[in-house]
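Structure first, commentary second.
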Amino acid sequence: MKTNLNTIKSEIDNYVASSKLTELQVVEKLKDHYFNKKVNENLKLYKKGKKKVSEITRDLKISPRKFYALLKKKNIEHKTYNKTKS
């Protein structure tokens, strides 16, 4: 495990040396990439009806409001509930 981590660190250092980014910017980009990958996997399951919103938000550690914003951004059909009393 430690050798794998050292390999990853050296790869990041090599990338930083060749680009104009800092180490933290590279890590943030990697974090965004893997988060989006996980979101897309969960959205496929949501479309098929195999995963509920509560399960997805728990797995991704985001709020349901943020998840519904992702659905709206990606133009995915979902139910909306009217919270106002008539």
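For the numbers below, each heavy atom of this structure counts, side chains included, while hydrogens, waters and symmetry mates do not. Values in this document were obtained by computation on a predicted structure and should not be read as measured data.
Annotation: side chain of Lys38 is in contact with side chain of Glu41 (closest heavy-atom distance under 4.5 Å). For the pair Val26/Val16, a side-chain contact is recorded, criterion being any heavy-atom separation below 4.5 Å from C-beta on. Side-chain contact between Lys74 and Asn40: present, with at least one pair of heavy atoms (C-beta onward) separated by less than 4.5 Å. Using a 4.5 Å heavy-atom threshold, the side chains of Leu71 and Glu77 count as separate.
Atom CG in Asn6 sits 12.0 Å away from atom CD in Glu11 (nearest 0.5 Å). Note that the CD1 atom of Ile12 and the CG atom of Leu21 stand 11.5 Å from one another [nearest 0.5 Å]. Atoms OG and OH, on Ser10 and Tyr15 in that order, are 15.5 Å from each other to the nearest 0.5 Å. How far CD1 of Ile62 is from CD1 of Ile56: 8.5 Å, rounded to the nearest 0.5 Å.
Side-chain heavy atoms closer than 4.5 Å link hydrophobic residues (I, L, V, M, F, W, Y) into clusters, and following such links, even through other members, never connects Leu45 to Ile76. Grouping the Ile, Leu, Val, Met, Phe, Trp and Tyr side chains by contacts below 4.5 angstrom, directly or via other members, places Leu5 apart from Tyr34. Linking ILVMFWY residues whenever their side-chain heavy atoms come closer than 4.5 Å, directly or via other members, places Phe35 and Phe67 in the same cluster.
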- Item | Verdict with supporting geometry, Lys51 and Asp59, salt bridge (Lys or Arg N to Asp or Glu O under 4.0 Å) | CA-CA 11 Å; Lys51 223 172 184 186; Asp59 289 346; 2.6 Å; yes
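Looking at Glu55, its side chain does come within 3.5 Å of a backbone N or O of Lys52 through a donor-acceptor pair.
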